[in-house]
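Data first, discussion second: the structure below is written as structure tokens.
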Amino acid sequence: YNKFILYLFIIPILVLTLYLSYIIAYHIGKKYKMNLESIKDRFIYCLVLFIFIIYPSVGSSILKIYKCELIEDTWYLSEDLSLVCFNSEWTKYGIVGGVFIVIYILGIPCFFYYLLKNNLNLVTIKDSEQTPESKKFAYRYGFMYMGYEPEYWWFEIVEMMKKIILLATVIYLDESGTRILIAMLMCFGYLAYISYNKPLKYDDDDYLNVLSAAELFLMLLCALVLEVKLDVDDEYNEYAFQGFMFVLLIGVVIIGNYE
């Protein structure tokens, strides 16, 4: 439970630390007559960026509190088999986890979605028509939408949710071929969507995005082969599988560097 509590407080600690840094920088900038607005812009940019970076880890930690396994008629927490599930202590943490699922896992993507949606006039403005206000907004939040076509300004939110859904698949489903097949189905749907719609602004980025999604799908296929042990049916299958893995990993690196 200590790890669970730590991850719950990571975002508040991060916000507090960055805010204190901003206050210090603000007073230093005021003393030396620096541009105070640019300091505020940098603070907001760093805050949003760091939240995006730690979001998957925090979400994973919260979801793991509900992952239990049955051992000799007793449910134990998978992360720590010394802890029993569904007793009074676990219930308290389960309730707290449910609250933070709403606040963090669902709340953070919803907040950024509505932030962008409520500023669509600044998000979808053409480069040649940029205003001081749109430039300031782009500096603070631009990494969420500037790499995408104007009609796909929301796609970074989809990327956030995709990570959490894949994590939930890994956490909750049993270690079997079924879990891998479900993850493959999700990755295939994502691959098909980005291949057809090409949401990124530049063709090279679209190509690399498709390439990375295809690699993830093929890696899951390899995981499925290992799970059902197709690679050890005979010596030829094992050599073929090892060769396929080598070509897959090296090929993606070569093609990515070429692009």
Side-chain angles (χ1 to χ4, degrees), residues 1-23 43-116 141 143-144 154 156-187 189-190 216 219-220 223 227:
Y1 293 132
N2 293 335
K3 183 179 178 182
F4 170 71
I5 295 173
L6 174 64
Y7 274 98
L8 290 186
F9 282 98
I10 278 184
I11 292 181
I13 291 172
L14 172 66
V15 172
L16 180 60
T17 303
L18 287 176
Y19 183 72
L20 291 175
S21 301
Y22 165 68
I23 294 298
F43 161 68
I44 295 176
Y45 168 79
C46 291
L47 180 61
V48 174
L49 179 62
F50 288 153
I51 288 176
F52 263 75
I53 292 173
I54 66 175
Y55 173 78
S57 298
V58 173
S60 173
S61 177
I62 295 173
L63 293 176
K64 285 178 180 177
I65 201 70
Y66 302 103
K67 174 61 175 176
C68 301
E69 53 186 271
L70 184 63
I71 301 175
E72 295 183 354
D73 299 325
T74 303
W75 289 93
Y76 293 93
L77 192 67
S78 297
E79 279 290 286
D80 186 349
L81 295 177
S82 66
L83 299 174
V84 178
C85 291
F86 310 123
N87 57 11
S88 58
E89 184 182 18
W90 180 90
T91 301
K92 290 186 293 185
Y93 287 103
I95 293 172
V96 172
V99 172
F100 279 92
I101 284 176
V102 176
I103 296 175
Y104 286 168
I105 296 179
L106 300 178
I108 290 176
C110 287
F111 171 78
F112 286 123
Y113 174 80
Y114 284 108
L115 174 68
L116 297 181
Y141 310 105
F143 75 91
M144 287 192 288
W154 43 266
E156 189 64 34
I157 311 301
V158 174
E159 293 284 353
M160 291 182 71
M161 296 308 299
K162 181 193 75 172
K163 295 173 186 176
I164 284 294
I165 293 172
L166 286 174
L167 281 171
T169 302
V170 173
I171 292 170
Y172 290 125
L173 295 182
D174 293 332
E175 296 182 3
S176 65
T178 303
R179 177 173 71 177
I180 300 173
L181 284 172
I182 292 175
M184 286 180 65
L185 181 61
M186 294 168 53
C187 290
Y190 174 81
L216 179 58
M219 290 295 290
L220 287 169
E227 181 67 31

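Keep in mind the model is a prediction, meaning the values are calculated, not measured.
One distance of note links CG of Leu185 with CG of Leu220; it measures 11.0 Å at 0.5 Å rounding. Note: Ile10 CD1 to Ile51 CD1 = 12.0 Å, rounded to the nearest 0.5 Å. Distance CZ/Phe86 to OG1/Thr91: 9.0 Å, rounded to 0.5 Å. Interatomic distance, OH of Tyr19 versus CG of Leu14, reported as 15.0 Å (0.5 Å rounding). To the nearest 0.5 Å, the span separating CD1 on Ile105 from CG on Leu167 amounts to 9.0 Å. In this structure, the separation between CG on Asp80 and CZ on Phe4 is 14.0 Å, given to the nearest 0.5 Å.
Every residue two or more places apart in sequence or in another chain that forms a salt bridge (charged side-chain N to carboxylate O under 4.0 Å, His left out) with Lys162 is listed here: Glu159. The side chain to side chain contact (heavy atoms under 4.5 Å, CB included) test applied to Val99 returns Ile103, not counting sequence neighbours. Every residue was checked against the ring pair (Phe, Tyr, Trp, His ring centres under 6.0 Å) condition with Tyr190, not counting sequence neighbours, and none meets it. Partners of Ser88 by side chain to side chain donor-acceptor pair (under 3.5 Å), not counting sequence neighbours: none found. Scored by the ring pair (Phe, Tyr, Trp, His ring centres under 6.0 Å) test, Phe100 finds Tyr104 as partners (sequence neighbours excluded). With sequence neighbours excluded, the residues that form a side chain to side chain contact (heavy atoms under 4.5 Å, CB included) with Met186 are Ile165, Leu166, Thr169, Ile182. With sequence neighbours excluded, the residues that form a side chain to side chain contact (heavy atoms under 4.5 Å, CB included) with Ile5 are Phe9, Tyr93. Among residues two or more places apart in sequence or in another chain, the side chain to side chain donor-acceptor pair (under 3.5 Å) test is passed with Asn87 by none. Under the rule for a ring pair (Phe, Tyr, Trp, His ring centres under 6.0 Å), the partners of Phe52 that lie at least two apart in sequence or sit in another chain are Phe112, Phe143. Every side chain to side chain contact (heavy atoms under 4.5 Å, CB included) that Lys3 has, sequence neighbours left out, goes to Tyr7, Glu79.
Using a 4.5 Å heavy-atom cutoff, the side chains of Tyr45 and Tyr141 are not in contact. Contact check for Pro109 versus Tyr55: side-chain heavy atoms found under the 4.5 Å cut-off.
A donor-acceptor pair is defined here as one N or O able to donate and one able to accept, closer than 3.5 Å; no such pair exists between the side chain of Trp90 and the backbone of Leu83. Between the side chain of Tyr113 and the main chain of Ile108, no donor-acceptor pair closer than 3.5 Å is present. A distance-only check finds a donor-acceptor pair linking the side chain of Ser21 to the backbone of Thr17 [under 3.5 Å].
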- Task: Test side-chain contact (heavy atoms from CB on, under 4.5 Å) on Leu6 and Asn2 and set out the steps.
- Result: CA-CA 6 Å; Leu6 174 64; Asn2 293 335; over 6 Å; no
- Going through the distances and angles, do Phe50 and Ile11 end up as a side-chain contact (heavy atoms from CB on, under 4.5 Å)? CA-CA 9 Å; Phe50 288 153; Ile11 292 181; over 6 Å; no
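Looking at every heavy atom in both residues, Ala168 comes nearest to Leu63 through CB-CD1, 4.1 Å. Minimum interatomic distance between Leu216 and Cys187 (heavy atoms only, all atoms of both residues): CD2-SG, 3.6 Å.
For residues 70-110, the pairs satisfying disulfide bond (SG atoms under 2.5 Å apart) are Cys68-Cys85, with sequence neighbours left out.
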Extract all donor-acceptor atom pairs below 3.5 Å that involve side chains of residues 69-78 and protein atoms in other chains or at least two apart in sequence.
from: Glu69; atom 1: OE2; to: Ser78; atom 2: OG; distance (Å): 3.1
from: Ser78; atom 1: OG; to: Lys67; atom 2: O; distance (Å): 3.3

